[in-house]
Number of protein chains: 2
Amino acid sequence: MTALDVRSVERQSACSIQATLDIVGDRWTLLILRDLFRGVRRFSAMQHDLGIARNMLADRLSRLTDADVVAKVPYQHRPVRYDYVLTPKGLDLSNSLLALMAWGDRWCHDGDAPTVLVHADCGTPLEIATRCPACDEPVSPTRIRSLAGHSDPPPGGEFAAAGAIQANRQHPTNGGDL
Amino acid sequence: MTALDVRSVERQSACSIQATLDIVGDRWTLLILRDLFRGVRRFSAMQHDLGIARNMLADRLSRLTDADVVAKVPYQHRPVRYDYVLTPKGLDLSNSLLALMAWGDRWCHDGDAPTVLVHADCGTPLEIATRCPACDEPVSPTRIRSLAGHSDPPPGGEFAAAGAIQANRQHPTNGGDL
DNA sequence: GGAGTCAGTTTCGGTTTGCAACTGACTCCT
DNA sequence: AGGAGTCAGTTGCAAACCGAAACTGACTCC
């Protein structure tokens with residue numbers, strides 16, 4: 001709690017993305033969460049794995065615990081030492097992390113294949129997708145519309161890029177129906 | 001290109017999340033992308049909608065175009081003025097944005113209901129989920145494993161929170177099968 | 001009882017951010 | 001055609017932020 005706690009009040013989140021970013025929208029925070037998801041639980045382990053400055057790590061962890069995304073569970077007393085573990089709220093971020101990771105896999109191949117996530121039960125590489133529970137099928141970004149919520153509706157008023165460059169460019173591995 | 005272009009080289013992304021964050025891992029960048037997805041295309045419109053400083057916006061947009069996530073399309077000449085539109089690479093970020101938004105919807109309700117995304121074809125609210133293409137079913141975070149890729153495998157070595165607090169706490173609206 | 005470890009905190013200088021003002025390059029209106 | 005207005009983008013500068021190293025406690029181990 002050394003530095004500041006301005007960030008959480010600075011902008012009244014009219015949008016859920018903004019609200020989310022108020023909590024995890026930070027380079028280090030997302031990386032810390034990735035480590036947490038991979039089972040890294042100790043302060044020192046994260047510090048070593050990420051190469052983050054200790055004050056930064058301490059600050060981010062305390063923000064995350066304040067936000068109830070992470071909880072501290074003592075694993076020894078006397079000098080109280082904690083494991084940092086994900087709460088249900090934190091666990092629920094897995095889709096977001098996965099989506100980010102999947103995008104990196106598709107577009108940031110620097111040559112060597114990165115981490116692949118597979119289904120523990122069958123070993124198949126996983127995919128993450130937007131689905132319509134009613135139609136029971138994947139939904140492409142152009143078929144998404146947003147309803148209400150924003151106090152100041154922008155010209156377009158809808159999610160899904162009215163004028164996005166659809167496919168008329170030379171791009172590697174375009175994701176198909178996106 | 002005023003400020004710097006250090007960030008892209010600073011850390012050799014052993015992990016796709018890191019690679020992704022090198023490009024979009026920034027408070028403003030994600031918010032800009034959200035606007036782009038909603039069809040906001042003009043510099044001034046984004047500046048007004050986000051309340052971002054113009055130099056910041058100019059810097060972020062030029063990074064995004066450098067990264068080929070966004071493209072500039074002139075809509076007038078003489079004073080050349082551009083529309084900023086998503087490339088296929090940028091459009092492909094929709095899942096990530098949606099996942100982040102969905103999380104905010106679930107956990108950051110400050111009272112008023114936020115933006116709801118629906119299927120344009122049938123009006124049903126959408127969901128975003130990790131799925132196993134083989135088993136053809138949703139996969140919970142605890143059933144995800146990662147394969148290789150990281151040069152320095154952490155103690156746990158796997159995605160999905162070995163010791164996460166599973167459900168033994170008082171939390172609102174826990175996501176069910178998570 | 002001295003050395004070592006671990007989780008944090010403090011200090012402090014360099015970097016980044018963002019407000020305000022400024023620069024071009026038009027377009028519009030009269 | 002000339003002044004007013006608009007828009008994208010720069011520059012200057014103060015404030016906020018970041019992070020390496022050193023420091024503080026509170027142990028544990030030998």
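We name chains A, B, ... by the order of the sequence lines, and we start the count at 1 in each one. All values reported here derive from a predicted model rather than from experimental measurement.
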- Side-chain contact, heavy-atom cut-off 4.5 Å: B/Thr124 with A/Pro133?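 With C-beta onward as the side chain, the pair touches.
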
Between atom [atom1] in [X] and atom [atom2] in [N], what is the gap in whole Å?
| X | N | atom1 | atom2 | value |
| --- | --- | --- | --- | --- |
| B/Arg54 | C/dA20 | CZ | C1' | 9 Å |
| A/Leu50 | D/dC18 | CG | C1' | 15 Å |
| A/Tyr82 | C/dA7 | OH | P | 12 Å |
| A/Asp83 | C/dC6 | CG | C1' | 13 Å |
| B/His48 | D/dT6 | NE2 | C1' | 14 Å |
| A/Met46 | C/dC6 | CE | P | 14 Å |
| B/Met56 | C/dT17 | CE | P | 5 Å |
| A/Asp59 | D/dG19 | CG | P | 10 Å |

Closest approach to the side chain of [X], judged atom by atom: which nucleotide of [options] is it?
| X | options | result |
| --- | --- | --- |
| B/Lys72 | D/dC23, C/dG18, D/dG9 | D/dG9 |
| A/Asp26 | D/dT10, D/dC18, D/dC7 | D/dC18 |
| B/Ala58 | D/dA22, C/dG18, D/dG9 | D/dG9 |
| A/Asn55 | C/dA7, D/dA20, D/dA8 | D/dA20 |
| A/Arg42 | D/dT11, C/dT17, C/dA7 | C/dA7 |
| B/Arg60 | C/dT17, C/dC6, D/dG9 | C/dT17 |
| B/Trp28 | C/dG8, D/dA20, C/dG18 | C/dG18 |
| B/Arg81 | D/dA8, C/dG8, C/dG18 | D/dA8 |

- Task: Using the closest heavy atom to pick a nucleotide of DNA chain C for each, name whichever of A/Tyr75 or B/Pro79 lands nearer the 5' end.
- Result: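 Between the two, 5'-proximity favours A/Tyr75.
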
- Message: Less than 4.0 angstrom from a charged side-chain N to a carboxylate O is my criterion; do A/Asp92 and B/Arg106 meet it?
- Response: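 Yes, charged N to carboxylate O under 4.0 Å.
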
- Would you verify whether the NZ or CZ of A/Arg81 falls within 45 degrees of the ring axis of A/Phe43 while also being under 6.0 Å from that six-membered ring's centre?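 Geometry flag: not set, cation outside 6.0 Å or 45°.
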
- Query: Considering Watson-Crick and G-U wobble pairs with both distances under 3.5 Å, what does D/dC29 pair with?
  - Reply: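 Checking every strand shown, D/dC29 finds its partner in C/dG2, with both distances under 3.5 Å.
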
- Message: If the test is side-chain hydrogen bond (donor to acceptor under 3.5 Å, both in side chains), which one of B/Tyr84, B/Tyr82, B/Tyr75 qualifies with B/Arg42?
- Response: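 The passing option is B/Tyr75.
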
- Message: Under a 3.5 Å cutoff, is there a donor and acceptor pairing between the side chains of B/Thr87 and B/Asp68?
- Response: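 There is no such pair between these side chains.
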
- Look at the side-chain N and O atoms of B/Ser44 and state whether any lies under 4.0 Å from the OP1 or OP2 oxygen of D/dC7.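 No, because none of the side-chain N or O atoms of B/Ser44 sits under 4.0 Å from OP1 or OP2 of D/dC7.
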
